[in-house]
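Read the numbers this way: they start at 1 and go in the same order the structure lists the ligands and their atoms. Residues take their numbers from the sequence shown, with the count starting at 1.
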Amino acid sequence: MGKTTRKASSSVVIGAIHNFSDKEVELFREKLLSWYDLNKRKLPWRSIAATEADVNKRAYAVWVSEIMLQQTQVAVVLKYFEKWMSKWPTVWDLATTTLEEVNRVWAGLGYYSRARRLHEAAVKVVKEMDGNFPSSRDSLIKNIPGVGKYTGGAIASIAFGNAVGVVDGNVNRVLARIRVIGSDLSNLTTIDHMWKLADELVDPNRPGDFNQAMMELGATVCTPKSPSCASCPVQDLCIAYRQEGNHKASLIASNFFLKESSESRKEKIVTDIECLPGCDLCLRKEDLDERYGVHNYPSKKLKKEVKEQVLIIILLKQTDGQMLLLKRPKLGLLANLWEFPSISCEESNEILTQHISEFFALSKSVVNSRNFVGDATHVFSHIKQTYRIYKIDLKEDKQLVSWPSTYQSGKWMSKEEFLNSATSNAMKKVLKVVNTWEQKVKKSKRTCSDDHKDNKKQRTISHFFKAATKND
Ligand code: SF4
Ligand SMILES: [Zn+2]
């Protein structure tokens, strides 16, 4: 998220158009909940929240599902949630397992720090709270590591029935469109206002259902690219929709009768949504494009720059097929996961060569062949990594090799062990590239030699390996 700014509250200007009247709040609850009752998707965490009598089991299930759903789609989470809950049905079960096991079950879900935080928090809930979750949003935020305002609101409302709202990306979009909020979503005035609206709107009689309905509406009807306004239950209360309708009507009128210029049409639309001068939540006039209708909201954020990184992967393989895997550091990207040894290409060629040599401290006589296999790419949230994969086949098994101290430990694993261990999807892609390459080699019955000879960095690596062979 970008930089946030807050104005002194006395200087914040917010027009009435961005709020709901009491009557509108009432109508909104009624329409949204009726729609939800008929259209809600059946999801396992919803069933637990609706049928489980033990409040701590409800809180635990909501908490796990909400953490999994952060940055991950429902369809992907379903499988993981079922597996997780059958393995650790209560916070007590989770607290007594190992982080290694938690990472193994989480493997493939991405954003791995979430798994570590869930485990740490479970230990805390059991040790310090005797397995009892706090029930209010504020106490959840205060006492459970990794629980912020959104997750705290979800647990408090869905598991404990507290009348507090939730704001996530879906809710932001729905509210922005319904109340034509076009200011930057990372601006603190906007953030505060969204939470105020969510807290005011939530139905005190069915807070959990109401919050899930808001998110469901954003996920299935008021979607980012193709909102289904025609079938939207809160269409009557949506100003962006009304604005779009006004625009279409004015366009028809101007095309057929008035022959208005596009400038005067723009003026007309702007007049339709007139708010207070200097309002902090309005879309800036210059950013409003009437052709985009409801898509004008929420305002478009500048895309986060994706950093590119090239990593050399060295896959060491024994004759029995076992591969060397190293355990990543305890903190940072992909913490505690197993990976094939990797070296960043940002380092100079000399250091790189030295690293490879130091990496394994292998006796050259045990190396059977060294080959460039191919590239694999994987995009994490803000880093695009290209893995340049090299494979070293050893002549003998159970080689003792060394690795940099940044790794926690190393292990020889079979393909099956690797696929069942705590590893990232990126490493699975690497193995897939290696498998494809091996099959091709087998088929053509020819030995591949080091490739990519015109690449300077790779030449350095080839040189290292070739030099090693001469000395054998
Ligand atoms: S009418 Fe359209 S834009 Fe408005 S809330 Fe419904 S789906 Fe979203
Ligand atoms: Zn305004």
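- Thr189 and Asp192 form no side-chain donor-acceptor contact under 3.5 Å, judged by distance and modelled atom types alone.
- Of all protein atoms, those that are N, O or S and lie under 2.8 Å from atom 6 (Fe) of ligand 1 total 1.
- Scanning for side-chain contact (heavy atoms from CB on, under 4.5 Å) contacts around Val77 gives Trp45, Met68, Leu69, Thr72, Phe81, with sequence neighbours left out.
- Residues passing the side chain to side chain donor-acceptor pair (under 3.5 Å) test with Arg206 are Asp37, Asp209, sequence neighbours excluded.
- A 6.0 Å sphere centred on NZ of Lys415 holds no more than 12 heavy atoms belonging to other residues, nucleotides or ligands.
- When the options Lys428, Gln385, Lys384, Lys429 are evaluated for a side chain to side chain donor-acceptor pair (under 3.5 Å) with His378, the one that passes is Lys429.
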Quiz: residues 143-161 side-chain donor-acceptor pairs under 3.5 angstrom, not counting sequence neighbours:
from	atom 1	to	atom 2	distance (Å)
Asn143	ND2	Ser139	O	2.9
Tyr150	OH	Glu66	OE1	2.6
Thr151	OG1	Gln70	NE2	3.2
Ser157	OG	Gly153	O	2.8
Ser157	OG	Ala154	O	3.3
Ser157	OG	Asn211	ND2	2.9

